[in-house]
Amino acid sequence: SYTPGRIYLGLASGAEAFRALGLQAAWVVVLLAFEAVTGLLLLAYYHPTPQSAVASISTIQNVVAYGWLLRGLHHWGAQAIVLIAAFHASISLFQGSFRPPREVTWWTGILLGLVVVALLTPGPNLHSDSHAAYAARLGKTIRPSIPWLGEMGTSLVYDDSAKGATTTHRFFLLHTFVLPCLLLLASSVHVFLVHIHGLAPPRRPSRSIGWLEFFPRAALLWLLTIN
């Protein structure tokens, strides 16, 4: 058996890290399916207009049976996906998954990570309250600084002349259709490439690492990980 701590400290064998990659990917797939189900259930009650969004969220939270639980599961499930995906990507990096012939597999994984993070950003803007207004101001400040597509993306998503209505609809479209479709496409390509090339093999044969080897190699790896 293995633990995440053994992998990050460099005490795990190559075979243990190899099994960890597949396990984390499976957890991400399960959580993504969970997010899709809870999102569809929330979609039955949410109204994507500035006038109705706050009232519909209040209805989900206070009126719908177990609506507060459903909303909480959807929120915390998304946070869990980001954490597990980041852990999966870091172990893939340590295993050298970016090396030939898996370069495209690595970059599709990076794209998947960006899409997962992008799926988190429309959420606060769908509230259409003071929290959404603050998130919108923050987004307008940060997003133009993104290279190449920042300014164009900001102008496409935000529309000051529509008093928030068009912006809410655009974020709703991104969160429920555009980004999920991109996620499905990228994940399909990623899984197909993993099926073709396989996971990156262990960098070393399975063996225990003695404590004499903890410094400096494993200690440096641990410091890089937490920083």
Side-chain angles (χ1 to χ4, degrees), residues 1-4 6-8 10 12-43 73-123 143 146-150 152-153 156-157 170-206 221 225:
S1 61
Y2 66 88
T3 62
R6 281 172 54 79
I7 295 173
Y8 272 95
S13 65
E16 288 174 339
F18 183 77
R19 292 193 298 270
L21 288 174
L23 180 62
Q24 290 145 19
W27 270 110
V28 170
V29 171
V30 170
L31 285 172
L32 285 173
F34 179 77
E35 286 295 287
V37 172
T38 55
L40 287 174
L41 293 175
L42 291 172
L43 195 61
L73 290 173
H74 190 73
H75 171 79
W76 291 110
Q79 315 307 315
I81 288 175
V82 173
L83 291 176
I84 297 176
F87 189 43
H88 176 74
S90 63
I91 293 181
S92 298
L93 177 64
F94 295 149
Q95 287 293 102
S97 299
F98 52 87
R99 295 190 180 98
R102 300 175 178 85
E103 305 98 313
V104 180
T105 307
W106 170 258
W107 285 111
T108 55
I110 296 298
L111 176 61
L112 276 171
L114 294 176
V115 174
V116 166
V117 173
L119 273 167
L120 296 179
T121 58
R143 287 187 177 91
I146 299 175
W148 301 309
L149 300 177
M152 182 180 67
L156 287 175
V157 173
R170 288 173 179 174
F171 272 112
F172 179 74
L173 182 64
L174 280 173
H175 191 65
T176 60
F177 180 73
V178 177
L179 290 176
C181 287
L182 183 58
L183 181 68
L184 181 62
L185 176 63
S187 59
S188 299
V189 174
H190 189 69
V191 172
F192 174 76
L193 291 173
V194 170
H195 177 72
I196 295 297
H197 299 296
L199 295 173
R203 292 183 299 174
R204 59 182 182 274
S206 177
L221 177 63
T225 301

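Fair warning: this is a prediction, and the values are worked out from it, not measured in the lab.
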Could I get the full list of side-chain contact (heavy atoms from CB on, under 4.5 Å) partners for [X], not counting sequence neighbours?
X: Leu111; answer: Val115, Ala186
X: Phe98; answer: Leu93, Trp106
X: Val191; answer: none
X: Val178; answer: Leu173, Leu174

Check: Which heavy atom of Leu120 sits nearest a heavy atom of Gln79, and at what distance?
Finding: CD2-NE2, 4.2 Å
Margin query: Which residues pass the side-chain hydrogen bond (donor to acceptor under 3.5 Å, both in side chains) test with Thr108, not counting sequence neighbours?
Written below: His190
Next item on the list: Go through the structure and list residues passing side-chain hydrogen bond (donor to acceptor under 3.5 Å, both in side chains) with Thr38, not counting sequence neighbours.
Entry: His74
Would you give the length of the straight line joining atom [atom1] of [X] to atom [atom2] of [Y], rounded to the nearest 0.5 angstrom?
X: Leu112; Y: Leu184; atom1: CG; atom2: CG; result: 10.0 Å
X: Leu31; Y: Trp76; atom1: CG; atom2: CH2; result: 14.0 Å
X: Ile81; Y: Phe34; atom1: CD1; atom2: CZ; result: 9.5 Å

Check: Hey, are the side chains of Pro180 and Leu119 touching, using non-hydrogen atoms and a 4.5 Å cut-off?
Finding: yes
